[in-house]
2 protein chains.
Amino acid sequence: MDLIFLGTSSGAPTRARNVTGLALQEETGKGWHLVDCGEATQHQVLRTPLSLHELRAIFVTHVHGDHCYGLPGLLASAGMQGRQEPLEIVAPDGIEEWVRTTLRLTRTWLAFELNFHAVESLDEWRGGNLRVAAVALSHRVPSYGYSFAEARPDPRLDIDRLDRHGIPRGPLWGQLARGIDVQHEGRTLHSDDYLIFGRPPRRVVVGGDNDRPELLAEACRSAQVLVHEATYTQAVANDARADFGHSTAAAVAAFAQAAGLANLVLTHFSARYQADPKRGPCIEDIRAEAAAAYRGRLFLAEDFARFRLGRDGELQRVECGR
Amino acid sequence: MDLIFLGTSSGAPTRARNVTGLALQEETGKGWHLVDCGEATQHQVLRTPLSLHELRAIFVTHVHGDHCYGLPGLLASAGMQGRQEPLEIVAPDGIEEWVRTTLRLTRTWLAFELNFHAVESLDEWRGGNLRVAAVALSHRVPSYGYSFAEARPDPRLDIDRLDRHGIPRGPLWGQLARGIDVQHEGRTLHSDDYLIFGRPPRRVVVGGDNDRPELLAEACRSAQVLVHEATYTQAVANDARADFGHSTAAAVAAFAQAAGLANLVLTHFSARYQADPKRGPCIEDIRAEAAAAYRGRLFLAEDFARFRLGRDGELQRVECGR
């Protein structure tokens, strides 16, 4: 499972960081999923090996523009590239109305269907080899985190059970092995009932904007990775108005340490944090603050950084490709 | 008067060219005007010396997304940067509704006012040292070109007239000299009535998407520069469906030649035209086709190309700055 950061700046783009967008790519390298789609996410995709044809679903954390203004352009470009596969979009209230209004007012016709799912009533979204659940967070507007778990980690058929249930060997077994539910003698056989998994699923939790990381405690219980905003350091947050709705590096790090998370990726940095410490507050201040409270593997996201979560639960930075 | 191209690709961005955006900067270097605002125009602005604080007005040619999807993000970023000056937006039907709906649904509050002007009923827009008029064009949706003319080219006070009309020397003269209408003894004195202009105004015409360049004939009569889309070469257009709504390099060049235009800048190129001729149709095919029909000064726009229109009416490429 790979994470490719397409934007890591909060609020507005900078010359080095775009606004929020995160690609989650399955191990096969084929399908991918997008969490948030700030303006120019499609431009960022052009600089990665990702293709809009292979995008399975988009998950939007909240309605603020730096997390969604790239949607209409990305959809239009997918259409111009000839996409015909329907696209799933899981999003909070307001996004479907906005996207459909935008396409109508700008006379944009897509050759593929958009299937919207309201995050407020989402039970579980399944696609590819993933199960996705949502968690309500705390921000100035309703905001959600998403938990991405492997649906079928190292699966093998439960042959004893298949035989016991009298399911004949052949194509049915093949479909069940690939995670497909099948019809047999008038009833539905659920793939999951006939698979044995070789290990626990890998799980990545991606937060939206959020000033209470502890709301992700339950979702993080069996996760190996948390991706969370750390918009400010505590020092800067103390100087600013109190109701800003974001998390500090210190708060996220303390939560991750308490939750026993093995890997933590911070992102969504205020533009005030520069790469060069001579120019003012530095991005390394964020790292230092988090490292003081968190003893796991700590990463600060950058645009086009690719991280790979191995089957051993360890996250590593790898080359982005292209 | 400078033109800075922020995007020169039609339809969708490429790695080398963004979708449409064109900055028109006054000679003072202060105020600027934006024609069209495709997605990531604000990102392009970050790579120029332009500031969102000094943006006077935005002119939208038509509602297609590659010409307007950058508006909400640019406005939101201007707000985050502390802009308080009202912003003028001249645009066709649909844009105001879309922008206001977008800001509402994404809970975005701007600290400055947006003053929309319907291009359909625009007589003349004046701001800074510019007069702007609109021309209806021909495209799949209503599309407009804009003519930008200097309002006060090399002005000096008409002292004879001021004396004749009994206007007392002093601050009133200064205001009239700077193009400001003033109140005097209960009536309005119009600056233009007391100025003598040293030369004809420089005029730049910027077309929107358009398959009939001749619709710009009147607007181009006293213009020195035409900026027009040349999405395809004639050869490619002949192979494509006939109703595509765009102009070929040959058609624009023939029009510019017939109109006696001194300078022609082509832009809005299909992504199929590559810089490298080995990779397929080449951007130089566009240049060759146009050069065969047009004998004036011909330019092909590139992102971040800056062109300066001198007082002598000659357009020259200069360094972009920053």
Side-chain angles (χ1 to χ4, degrees), chain A residues 7 9-19 37-47 52 60 62-81 92-109 139-142 270-271 322, chain B residues 7 9-19 37-47 52 60 62-81 92-109 139-142 270-271 322:
Chain A
S9 176
S10 72
T14 70
R15 284 161 62 99
R17 297 177 185 270
N18 195 30
V19 284
C37 187
E39 182 178 356
T41 294
Q42 65 160 322
H43 298 64
Q44 302 289 85
V45 167
L46 289 175
R47 300 181 182 281
L52 296 184
V60 180
H62 65 297
V63 298
H64 281 155
D66 58 320
H67 293 253
C68 71
Y69 282 168
L71 276 172
L74 181 136
L75 299 176
S77 289
M80 279 184 269
Q81 289 170 22
D93 187 47
I95 293 291
E96 176 171 9
E97 180 184 352
W98 175 63
V99 169
R100 296 207 187 276
T101 302
T102 298
L103 296 177
R104 175 174 58 79
L105 288 173
T106 62
R107 315 278 192 90
T108 304
W109 315 114
H139 189 50
R140 301 197 305 277
V141 298
S270 161
R322 168 89 69 100
Chain B
S9 176
S10 72
T14 70
R15 285 161 62 99
R17 297 176 185 271
N18 195 31
V19 285
C37 187
E39 182 179 354
T41 294
Q42 66 160 323
H43 299 62
Q44 302 289 86
V45 166
L46 289 175
R47 299 179 183 283
L52 296 184
V60 180
H62 64 298
V63 298
H64 280 155
D66 58 321
H67 293 254
C68 70
Y69 281 168
L71 275 172
L74 183 137
L75 299 176
S77 290
M80 280 184 268
Q81 289 170 22
D93 187 47
I95 293 292
E96 177 172 7
E97 179 183 351
W98 176 62
V99 169
R100 296 207 187 276
T101 300
T102 297
L103 296 177
R104 175 174 59 79
L105 288 173
T106 62
R107 315 278 191 91
T108 305
W109 316 111
H139 189 51
R140 302 196 305 275
V141 299
S270 161
R322 167 86 68 97

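Every value quoted in this text rests on a predicted model; they were computed, and no experiment measured them. Proteins come first, then strands; the chains are lettered A, B, ... in the order of their sequence lines, and each starts at number 1.
With chain A as the partner, the residue from B:A12, B:P72, B:G94 showing the most heavy-atom pairs under 4.5 Å is B:P72. Highest contact tally toward chain A, considering only B:L103, B:V19, B:V141, is held by B:V141 [criterion: heavy-atom pairs under 4.5 Å].
Scanning both residues, B:G70 and A:E39, for their nearest heavy atoms gives CA-OE2, 3.6 Å. Here the shortest heavy-atom pairing between A:N18 and B:H43 reads OD1-NE2, 2.5 Å. When all heavy atoms of B:T106 and A:C68 are compared, the closest pair comes out as CG2-SG, 4.0 Å. Taking each heavy atom of B:M80 and A:G11 in turn, the nearest pair found is CE-O, 3.2 Å.
Proximity to chain A (any heavy atom under 4.5 Å) is restricted, for B:T108, to the side chain, taken from C-beta onward.
Under the 3.5 Å distance criterion, the side-chain polar atoms of A:R15 are matched with a main-chain donor or acceptor of B:L46.
In this structure, a donor-acceptor pair under 3.5 Å is present between the side chains of B:W98 and A:T102.
Side-chain contact between B:L105 and A:E97 is present, with at least one heavy-atom pair separated by less than 4.5 Å.
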